[in-house]
> 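First the structure, then my questions, so here it is.
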Number of protein chains: 2
Amino acid sequence: MAARRRAEVGSSRRSPLDRSRIVAAAVTLADAEGVAGVTMRAVAAGLGVEAMSLYNHVRNRDDLLDGMVDLVFAEIELPTAGAGWYQAMRKRAESARAVLRRHPWAVGLLDSRSAPGPATLRHHDAVLGVLRGAGFSVAGAARAFSVIDSYLYGFVLQEVSLPFRSSEELGEVAGGILGGLDAGAYPHLVEITTEHALRPGYDYADEFDAGLALILGALEPDERGEG
Amino acid sequence: MAARRRAEVGSSRRSPLDRSRIVAAAVTLADAEGVAGVTMRAVAAGLGVEAMSLYNHVRNRDDLLDGMVDLVFAEIELPTAGAGWYQAMRKRAESARAVLRRHPWAVGLLDSRSAPGPATLRHHDAVLGVLRGAGFSVAGAARAFSVIDSYLYGFVLQEVSLPFRSSEELGEVAGGILGGLDAGAYPHLVEITTEHALRPGYDYADEFDAGLALILGALEPDERGEG
DNA sequence: TTGACTCTGCTTACACCGTAAGCCTACGGT
DNA sequence: ACCGTAGGCTTACGGTGTAAGCAGAGTCAA
């Protein structure tokens, strides 16, 4: 059969396997099992392949993790200058938070990763571009970028590491921690828990917008008169 | 010899080994080798003991990591109400940052840790106490706490994961990343790097105080009129 | 004094990890 | 038809967390 000359038909024999397929499989696995579940053997198994085959496309496990982080960054919406820097930063931050919640392991990977990938660089460049275009000085853009991203990563880091996902779970956990202790040892934690966090309708996630608005409201372009 | 009745003299025979000695040894090891170097065998070796002996005092490796994080929190200065909430929050944040820089592995451990230890709880309680004492409402204190800590953790997370420690290293790294690419692919990153970050005297660490001041300045007690 | 119980450290063993080294086979260029 | 090479596979090694069981010392009852 002449058609067999090329394998592009996808002869079931062997699929091509390249870096991006490996990284994507690793991300899927991490979403399901956590980053600890991302072993070379497990990733390979997910692709119907042996562990050592991955090393033809990936330098080592660390390189794979770098790729995963970059793939996550690629999911974040790039900001656009159209609607003004405030809205652009706001939308970008919310998109980033949504993405990082979808891949909770990614934040914990941010430290220990040293080589930013192309998507990461493109993302940072776009953010700086919006700020500069809106009149922020170089130093001002750097500062705004630093503050916003610190808040963003820090919030998600805390959010993701909370040992509960819903309000009911919160109740159980808080009860477990505070209940087992000397009553009155942590009066303010008790207060904030019972009078605030356990109130129906409370959702810690809502704090994100509030904090973000507070920070964005304190920023402004072209800080000529400022120290 | 009657004195031998009690081993309290410290017969060189065997040292007692308890949880706190184990956790302290693990922290020392992590400071020196990074968190990946904290293996049960290595921690035990540092104490002149075999790996399995640790399990008499520590549930498992995860429990050990929990203990390490709590020990780090214990190093952070508790805020005191004396000089006003602004200065208290400022000093607390700077102390926390100094501690987390001393133990760079700790931030990365914050996620994946689910059981806060006593030092952690005491710390959070003290922060809330200062804010409440200064007139913040329960909701306001919760919000302030969330914003400040998010910024703090996020900043340190980024700071710690930077692949350099000094300005010269920054130059090399930046050159390596940006140099290997299409010139002009990331114009704003190039701009900020060459015109700002590589300027003599620039230190990213200084951004911390600026961002913190910006956030603290936007907070205020008793947000009656606010949404 | 003696014996039993408990506490704590040690030894051994297992499954799983990342990955170095080398083999085998199918494909593409000649 | 051949052969180099790329990209899979197999095997193997040292290191990991930790389950299971052993050994010696401290404490207490009889």
Side-chain angles (χ1 to χ4, degrees), chain A residues 1-26 29-30 32-68 105 109 112-114, chain B residues 1-26 29-30 32-68 105 109 112-114:
Chain A
M1 300 185 181
R4 278 186 59 224
R5 277 182 22 225
R6 286 164 163 232
E8 70 183 6
V9 194
S11 72
S12 74
R13 195 82 181 76
R14 191 171 283 172
S15 37
L17 189 65
D18 62 356
R19 186 176 216 273
S20 69
R21 289 216 311 137
I22 292 174
V23 173
L29 188 60
E33 316 264 344
V35 72
V38 179
T39 70
M40 300 306 273
R41 287 170 171 85
V43 172
L47 292 162
V49 142
E50 295 302 310
M52 290 309 292
S53 302
L54 305 181
Y55 287 88
N56 286 309
H57 307 276
V58 150
R59 198 144 36 235
N60 50 35
R61 184 168 184 270
D62 238 47
D63 184 35
L64 175 56
L65 296 180
D66 280 343
M68 292 167 66
W105 43 268
L109 240 45
S112 83
R113 236 87 304 275
S114 55
Chain B
M1 300 185 185
R4 277 187 60 221
R5 276 183 21 224
R6 287 164 161 229
E8 70 182 6
V9 195
S11 72
S12 74
R13 194 82 179 75
R14 191 171 283 171
S15 38
L17 189 66
D18 62 355
R19 185 176 217 273
S20 69
R21 290 217 308 138
I22 293 174
V23 173
L29 188 60
E33 316 265 343
V35 72
V38 179
T39 70
M40 301 305 273
R41 285 169 174 86
V43 172
L47 292 162
V49 141
E50 295 301 312
M52 290 311 292
S53 302
L54 304 180
Y55 287 88
N56 285 310
H57 307 276
V58 148
R59 198 143 38 234
N60 50 36
R61 184 168 183 269
D62 237 48
D63 183 34
L64 175 57
L65 295 179
D66 279 342
M68 293 168 66
W105 44 267
L109 240 45
S112 83
R113 236 88 304 274
S114 55

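Proteins come first, then strands; the chains are lettered A, B, ... in the order of their sequence lines, and each starts at number 1. Computed over heavy atoms, backbone and side chain alike; hydrogens, waters and symmetry mates excluded.
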> Tell me whether the side-chain N/O atoms of B:Asn56 come closer than 4.0 Å to OP1 or OP2 in C:dG9.
yes
> Between B:Leu47 and B:Leu17, which heavy-atom pair has the shortest distance, and what is it?
CD1-CD1, 3.8 Å
> State, yes or no, whether a side-chain contact exists between B:Ile22 and B:Arg19 at a heavy-atom distance under 4.5 Å.
no
> If you restrict it to nitrogen or oxygen atoms, what contacts under 3.5 Å exist between nucleotides 12-16 of chain D and the protein, and what is each distance?
none

> Is A:His57 near enough to D:dA6 that one of its side-chain N or O atoms lies under 4.0 angstrom from OP1 or OP2?
no
> Tell me every residue that passes side-chain contact (heavy atoms from CB on, under 4.5 Å) with B:Ala45, counting only those two or more places apart in sequence or in another chain.
none
> Which residues pass the side-chain contact (heavy atoms from CB on, under 4.5 Å) test with B:Leu65, not counting sequence neighbours?
B:Val35, B:Arg61, B:Asp62, B:Met68, B:Leu109, B:Arg113
> Rounded to the Å, how far apart are A:Glu50 CD and C:dT25 P?
16 Å
> Rounded to the Å, how far apart are B:Arg19 CZ and C:dG9 P?
14 Å
> Nearest whole Å is fine: how far is C:dG9 P from B:Leu54 CG?
9 Å
> Which whole-number value in Å describes the distance from B:Leu64 CG to D:dT18 C1'?
14 Å
> Going by side-chain contact (heavy atoms from CB on, under 4.5 Å), name the residues that satisfy it together with A:Asn56, two or more places apart in sequence or in a different chain.
none
> When you get a sec, tell me which of C:dC10, D:dT18, D:dC9 is the closest nucleotide to the side chain of A:Ser53?
D:dC9
> B:Arg41: what forms a salt bridge (Lys or Arg N to Asp or Glu O under 4.0 Å) with it, not counting sequence neighbours?
none
